[in-house]
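Reviewing the structure listed below.
Order of the sequence lines fixes the chain letters, A, B, ..., with proteins taken first and strands second; residue numbering starts at 1 for each chain.
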Amino acid sequence: MIEIKNNWELTVRKALSEYAVSLGICNESFTSTRIMMQTPPKPEMGDFAIPFFPFSKIFRKAPHLIASEVKNIIEGLKNRPKGTISADGPYLNIKTDLVDAAKKLWEKIDIETLAYGRNRSMNGQKIMIEFSCPNTNKPLHLGHLRNNIIGESTAEILKANGADVQKVNLINDRGVHICKSMLAYMQFGNERTPRSENKKSDHFVGDFYVKYNDWAINQPDAEKEAQKLLVKWENGDKKTIDLWSKMNTWAVDGIFETYQTTGISFDKLYYESETYMLGKDLVLQGLENGIFTKEKDGSVWIDLSEIGLDKKILLRSDGTSLYITQDLGTAVSRHEDWPFNKQIYVVASEQQYHFKVLFYILKKLGFSWADNLFHLSYGMVNLPDGKMKSREGTVVDADDLLKTLAKMAKREIIQKNREDDVEDLTLTSSSIALAALNYYLLQVNPTKDMIFNPAESISFNGNTGPYLQYMGARITSMLKKYELVEKENSSPSEFNPSLLDLQDEHALLKQIMLFPETVELAGKELNPTIIAGYLYDLSRMYSRYYHDHRILDAGADKLIYARVVLSKMVLQILKNAYILLGIPFLESM
RNA sequence: GUAGCCAUAGCUCAGUUGGAUAGAGCAUUAGAUUGCGGAUCUAAAGGUCGGAGGUUCGAAUCCUCUUGGCUACGCCA
């Protein structure tokens, strides 16, 4: 599509300069003015539209005159791209001839299959992306699910653009909050284990965190005791460390079970218990270099007035590290581990201040790559009936939610009497649940807060994951049928794209050709929502086409085959886009 | 208080670098099935793009102000 576009752009430019010469206007006065290639409001108007407003001043002509003159000039050209043009008011509308392009497109998709849409726009770039970053005192919740899928999807999109991507996860396995669940276990645990209680291990740990909070209400010393336990941990007290590592293993194992069922994975794990000491040296160095200042009590600070902020503490008066100290350290050590061109932090928008400061400090410390750190900030996820609040117990547990969605999907399959058509009922239901969840989360721009409506997400109607999945399943089913028929007929056909002359077919071909550009844009913008929108448009277009026009009994063999090829291409794009969005492909559902 | 983010149809959301009559889904109403999977499709209705200025031939999009909501501003993470 890009080639076609560029070709037309060149042609229009040529026509414009010819026009300029005839008017006695210097060529250079408008070469800097960009020719805009836009999409007309209605498909029947054409594939591209070029407005001539910007040239109006230079040519001292009304835009509609320029449009019609350009049209005339182009039509007089010997060497012009195939297609028809019309001047509609101030616009030049171009209807391309997709026959050649469609043929090439099919050859390309047929060969590349899953690689179609992938491009080299980010070749040679090493991009590290950090996401999820769970605490090991409780299971994942809905907010994590948004974080996870934004991270995973963005990583896939970057890879599709040719980048070398490393997905990392920093596990927050240390600190007072961890000690709290340990404290509760020491008192109420009685050597119970997830296995003895037959409970998912992270939930088992999470229960003790809840227990701590219940207990702490009537226990004024609770906080203090937790602090004491932390000191013991930091001093390497054997019993404490043993319990810590036992409970952490439970928590982490459970959390990774959730990753597994939701299709989330990482290339490298960092543990806060190992990294929390990093960064202190950096701060001391900065102090020596005069970037930071030391207070009388021994604490170290940075003045942020340069970026319009207050000052920020970097080391406590007792010399110990803080969260930001640690993040300084991990950033540096990560760059040493794997010298990235860019690092993306997928972290909730609450922490915008933190990252602003973090990046600024790293820059101050002289790391030039600090300019290539990016906070991919996302908004909160709320429920239709209000906010998620941990204090009020309205947090939506990730595993529970997935289970609920899967149950809803299963019920639907059974209700539709499709139990026998589906290979594995449980697997299929959970795949549908995943599609519902991931698509719903990605269809909203990351920057925005959003409301997650479980019932709406799992619906098979409308702009949902299951709807998209259904398109894939339906095309697959149809193509299977075609294969059977084809074997009987065994009349080898050649793809003849000129038979695809319906408006809907033209639009579909165009949409298919747009996929690589869409992947590139989503990568550039670090925004999976762009893919989601594209995928939904494609599905809706095909859905209508499929409804209005027969494919397998379209009449002539050649026409059938042409439409089958079109369907095959759509299916391939669906599959490729599914991967980018974490939507499982199902042959039947 | 200061800073950041957000505000588009009753609800949930799209809207590429400013461009033609601002688009979907849900819900509502009215339709389509001797059908390749109807888990679908079509149509109607629904809008002062929070408000006011400004820039521009042209603004949902850019700038200023303003209103409302959320978040952050800790020797927590």
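Residue K312(A) has no polar side-chain atom (N or O) positioned under 4.0 Å from OP1 or OP2 of rC73(B). Put simply, R563(A) has no side-chain N or O that comes within less than 4.0 Å of OP1 or OP2 on rC36(B). Between rA39(B) and R474(A), no contact under 4.0 Å exists linking OP1 or OP2 to a side-chain N or O. Taking 4.0 angstrom as the limit, R540(A) places none of its side-chain polar atoms (N or O) nearer than this to OP1 or OP2 of rC41(B). Distances shorter than 4.0 Å separate some side-chain N or O of S543(A) from OP1 or OP2 on rC41(B). In terms of phosphate contacts, K448(A) brings a side-chain nitrogen or oxygen within less than 4.0 Å of OP1 or OP2 of rA14(B). Applying the 4.0 Å criterion to OP1 and OP2 of rA14(B), one finds that N445(A) has a side-chain N or O inside that range. Contact check, N382(A) against rU12(B): no side-chain N or O comes under 4.0 Å of OP1 or OP2.
Aromatic rings from Y276(A) and W233(A) are positioned such that their centres are separated by under 6.0 Å.
Side-chain atoms of Y542(A) and S567(A) include a donor-acceptor pair closer than 3.5 Å. Side-chain contact check for N147(A) and S132(A): no donor-acceptor pair (N or O, by modelled atom type) lies under 3.5 Å. Residues E130(A) and Y270(A) have side chains that never bring a donor and an acceptor to within less than 3.5 angstrom of each other.
Residues R316(A) and S299(A) fail the side-chain proximity criterion, which asks for heavy atoms closer than 4.5 Å.
Atom C1' of rU12(B) sits at a distance of 15 Å from the matching atom of rC6(B), rounded to the whole Å. Comparing the same atom, P, in rC49(B) and in rG23(B) gives a spacing of 14 Å after rounding to whole Å. Rounded to the nearest Å, the gap between the P atom of rA45(B) and that of rA24(B) is 13 Å. Distance noted for atom C1' between rU34(B) and rU16(B): 46 Å (whole Å). Taking atom P on both rC41(B) and rA27(B), the two are 13 Å apart, rounded to the nearest angstrom. Atom C1' of rU33(B) sits at a distance of 35 Å from the matching atom of rG47(B), rounded to the whole Å. Nucleotides rC13(B) and rG50(B) place their P atoms 15 Å apart, quoted to the nearest Å. rA44(B) and rU48(B) have their C1' atoms separated by 23 Å, given to the nearest Å.
Side chain of P41(A), nearest nucleotide from rG19(B), rG37(B), rA20(B): rA20(B). The E525(A) side chain lies nearest to rU17(B) when the options are rA14(B), rG37(B), rU17(B). With distances taken from any side-chain atom of Y546(A) to the nucleotides rU17(B), rA39(B), rG37(B), the minimum falls on rG37(B). Residue D548(A) places its side chain closer to rC41(B) than to any other of rG19(B), rC36(B), rC41(B).
The NE2-P distance, from H375(A) to rA72(B), rounds to 13 Å in whole Å. rG37(B) atom P lies 10 Å from atom OH of Y542(A), rounded to whole Å. Rounded to whole angstrom, the span from the CD atom of Q38(A) across to the C1' atom of rU16(B) amounts to 10 Å.
Note on A473(A): a base of the nucleic acid sits closer than 4.0 angstrom, heavy atoms only. Among the protein residues, Y440(A) comes within range of the sugar-phosphate backbone only, with heavy atoms under 4.0 Å from sugar or phosphate atoms but none that close to a base. Across all strands shown, D449(A) has heavy atoms under 4.0 Å from sugar-phosphate atoms exclusively, and none from any base.
The stretch residues 348-360 of chain A touches RNA chain B through E350(A), Q351(A), Q352(A), Y353(A), each having a heavy atom within less than 4.0 Å of the strand.
For the pair N137(A) (side chain) and Y209(A) (backbone), a donor-acceptor distance under 3.5 Å is absent. Put simply, the side chain of R418(A) gets close to the backbone of M589(A): a donor and an acceptor are under 3.5 Å apart.
Mapping H549(A) and R418(A) onto RNA chain B by nearest heavy atom places H549(A) closer to the 5' end of the strand.
Aromatic stacking of Y536(A) on rA24(B): not satisfied for centres closer than 5.5 Å together with planes under 30 degrees.
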Using Watson-Crick or G-U wobble pairs with both distances under 3.5 Å, give me RNA chain B in dot-bracket, 5' to 3', with [ ] for crossers and | for pairs to another strand. (((((((..((((.....[...)))).(((((.......))))).....(((((..]....))))))))))))....
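Residues forming a ring-ring contact (aromatic ring centres under 6.0 Å, His included) with H354(A) (at least two apart in sequence, or on another chain): Y323(A).
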